[in-house]
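Data block below; observations after.
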Amino acid sequence: MIDFRYHIVSLISVFLALAVGIVLGAGPLKNTIDQSLTDQVEQLRGEKGTLRDERDQARRGLADEKAFVDYAAAELLADRLTGHRVAIINLAKVPDETSRAVEARLRQAGADVTGQVTLTETWTDTTSAAYRKQLAGTLSQHLHPAPTDATTDVILATSLVQALTGADPDDPRRFSDSASQLLGILTTSDLALVTKSGDLEVTADAIVVISPPSKGGAPAAGVVKARIAVVAAAQAGSQGAVLVDGPRGKASLVDAVLADPALKGKVTTVSGIAATSAQVTVPMALAAQLGGIVDHYGSGDDEKVLPPTVRPEPETEVEG
């Protein structure tokens with residue numbers, strides 16, 4: 001059993017060690033300790049300066065790369081989409097700089113951007129499932145052609161695409177009555193499924209679909225299914241469609257498309273849209289898609305860096 005004398009000895013040892021440390025620190029070891037600390041501070045300052053120089057150099061490199069891509073884009077995109085009318089579908093709210101950049105590059109390629117639409121939360125919100133099903137019944141009456149044995153997701157997606165591309169038989173640039181009715185139903189109510197921006201005064205013959213950035217993880221399976229339905233409908237209901245997304249990964253809709261053998265062979269994709277090079281790739285990829293070349297562009301697996309040079313001739317008529 002430990003007695004009181006043991007505690008006394010332990011306390012004396014602690015105080016003796018503390019006293020020895022103070023004496024040594026203030027005496028023989030003081031200069032050594034001070035010099036060691038000074039050397040460490042100088043080393044950290046040097047490392048900080050090196051890191052700052054590397055950061056500044058990387059920033060200059062990125063700025064130079066962007067300037068080069070911007071300069072080259074004029075020649076790369078010249079007349080790629082002249083004569084084509086392109087609508088943009090945002091699968092949810094996307095950063096303004098992303099949608100503006102994509103639209104600007106499409107216009108630089110000669111496309112007439114007819115406008116943009118954005119899917120609201122009602123499109124995928126689980127609490128609105130009954131409402132969407134009821135609305136699908138109304139929308140299906142205005143579809144020409146209407147999909148057979150279609151799910152609610154497919155009917156909604158088909159309705160949106162026909163609302164953007166459905167043309168009057170006598171004027172391929174003017175919306176058909178059914179297309180106007182579909183857009184009105186989708187955009188007009190307290191639970192509107194779609195918001196619109198831009199003119200939307202003429203029909204589109206091609207569509208760019210922009211996937212929103214991930215918010216802390218992969219979206220729910222039902223959300224992915226609904227968005228994939230829009231991508232598939234955009235390709236089926238237009239002359240050509242391109243899916244635009246952020247980085248590859250679990251939350252990437254491009255990954256979901258590449259995992260679907262049927263869709264992979266039909267829909268062109270572009271990933272990494274935050275990069276200027278990817279934004280320039282979008283109209284090039286769409287032109288290739290309109291020319292019958294389906295592929296996937298980016299820096300990930302199963303992706304190519306650059307689309308081929310294609311300048312597809314616009315068709316004189318658009319099916320309604």
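The closest donor-acceptor contact from the side chain of Q279 to the backbone of I273 lies under 3.5 Å. Side chain of Q181 to backbone of H142: no donor-acceptor contact under 3.5 angstrom is found. At least one donor-acceptor pair under 3.5 Å links the side chain of R311 to the backbone N or O of A78. Side chain of T269 to backbone of V254: no donor-acceptor contact under 3.5 angstrom is found. Of the possible polar contacts, one joining the E303 side chain to the G300 backbone as a donor-acceptor pair under 3.5 Å is found. Between the side chain of R132 and the backbone N or O of W123, at least one donor-acceptor pair lies under 3.5 Å. With hydrogens and angles ignored, the 3.5 Å screen pairs a side-chain donor or acceptor of D168 with a backbone N or O of D170. No side-chain donor-acceptor contact under 3.5 Å links E201 to the backbone of G115. One N or O on the side chain of S176 and one on the backbone of A179 form a donor-acceptor pair closer than 3.5 Å.
No side-chain heavy atom of T195 sits under 4.5 Å from any side-chain heavy atom of V117. You'll find the side chain of H84 stays beyond 4.5 Å of the side chain of D112, heavy atoms only. No side-chain heavy atom of K196 sits less than 4.5 Å from a side-chain heavy atom of Q116. For the pair D301 and H296, the minimum side-chain heavy-atom distance is 4.5 Å or more. Counting heavy atoms from C-beta outward, I207 and L286 have side chains that stay 4.5 Å or more apart. The side-chain heavy atoms of L143 and I155, taken from C-beta on, include a pair separated by under 4.5 Å. The side-chain heavy atoms of R227 and P212, taken from C-beta on, include a pair separated by under 4.5 Å.
Donor-acceptor pairing under 3.5 Å is recorded for the side chains of D125 and T127. Using modelled atom types, one finds no donor on one side chain facing an acceptor on the other under 3.5 Å when comparing T203 with R174. A donor-acceptor pair shorter than 3.5 Å can be found between the side chains of D79 and T82. Side-chain contact annotation: D245 with S252, donor-acceptor N/O pair under 3.5 Å present. In this structure, a donor-acceptor pair under 3.5 Å is present between the side chains of Q235 and Q289.
Nearest heavy atom pair, residue G298 against residue S271, reads CA-OG, 3.8 Å. I210 and S99 make their closest contact through CD1-CA, 4.3 Å (heavy atoms, listed as atom of the first residue, atom of the second, distance). Closest approach of P95 and P213 over heavy atoms only: CD-CD, 3.8 Å. When all heavy atoms of V224 and A256 are compared, the closest pair comes out as CG1-CB, 4.2 Å. The minimum heavy-atom distance linking V202 with F175 is given by the pair O-CZ, 3.3 Å. Shown here for P283 and A109, the closest heavy-atom pair between the two residues is CB-CB, 3.7 Å.
Each of T158, T152, V154 was scored for a side chain to side chain contact (heavy atoms under 4.5 Å, CB included) with L156, with one residue passing: T152. Here the rule is side chain to side chain contact (heavy atoms under 4.5 Å, CB included) with V282, and of T268, V208, I88 only V208 fits it. The only option from K304, K264, K266 that meets the salt bridge (Lys or Arg N to Asp or Glu O under 4.0 Å) definition with D295 turns out to be K304. Tested against L119, the residues L193, L160, N90 include a single side chain to side chain contact (heavy atoms under 4.5 Å, CB included) partner, L160.
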Take L290 and L81 through the side chain to side chain contact (heavy atoms under 4.5 Å, CB included) test and state the conclusion after the steps.
-> CA-CA 9 Å; L290 290 167; L81 294 172; 3.8 Å; yes
Any chance you could lay out the side chain to side chain contact (heavy atoms under 4.5 Å, CB included) test for L200 and L164, step after step, and finish with the verdict?
-> CA-CA 8 Å; L200 285 176; L164 299 173; 3.8 Å; yes
Check step by step if side chain to side chain contact (heavy atoms under 4.5 Å, CB included) holds for T165 and D205.
-> CA-CA 6 Å; T165 63; D205 57 39; over 6 Å; no
Go through D153 and I228 one step at a time and tell me if the side chain to side chain contact (heavy atoms under 4.5 Å, CB included) criterion holds.
-> CA-CA 9 Å; D153 286 338; I228 287 291; over 6 Å; no
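Residues L91 and V257 fall within the same hydrophobic cluster, defined by Ile, Leu, Val, Met, Phe, Trp and Tyr side chains chained together at heavy-atom separations under 4.5 Å. V209 and V267 fall within the same hydrophobic cluster, defined by Ile, Leu, Val, Met, Phe, Trp and Tyr side-chain heavy atoms under 4.5 Å apart, directly or through other members. When hydrophobic clusters are built by joining Ile, Leu, Val, Met, Phe, Trp and Tyr residues whose side-chain heavy atoms come closer than 4.5 Å, directly or via intermediates, V102 is grouped together with V94. There is no path of hydrophobic side-chain contacts, each under 4.5 Å, that joins L76 to Y297. Residues L183 and L139 are members of one and the same hydrophobic cluster, defined by side-chain heavy-atom contacts under 4.5 angstrom among Ile, Leu, Val, Met, Phe, Trp and Tyr.
Here OG of S277 is found 9.5 Å from CG of L306. Values are rounded to the nearest 0.5 Å. Once rounded to the nearest 0.5 Å, the distance linking OG of S238 with CD1 of I89 reads 8.5 Å. Separation of atoms CZ (R80) and CG (L106) is listed at 12.5 Å; rounding is to 0.5 Å.
By the 4.0 Å N-to-carboxylate-O rule, D96 lies close enough to K93 to be salt-bridged with it.
Within 6.0 Å of the CG atom in D177, the count of heavy atoms belonging to other residues, nucleotides or ligands does not exceed 12. Around the CD atom of E97, the shell of radius 6.0 Å holds more than 12 heavy atoms that belong to other residues, nucleotides or ligands.
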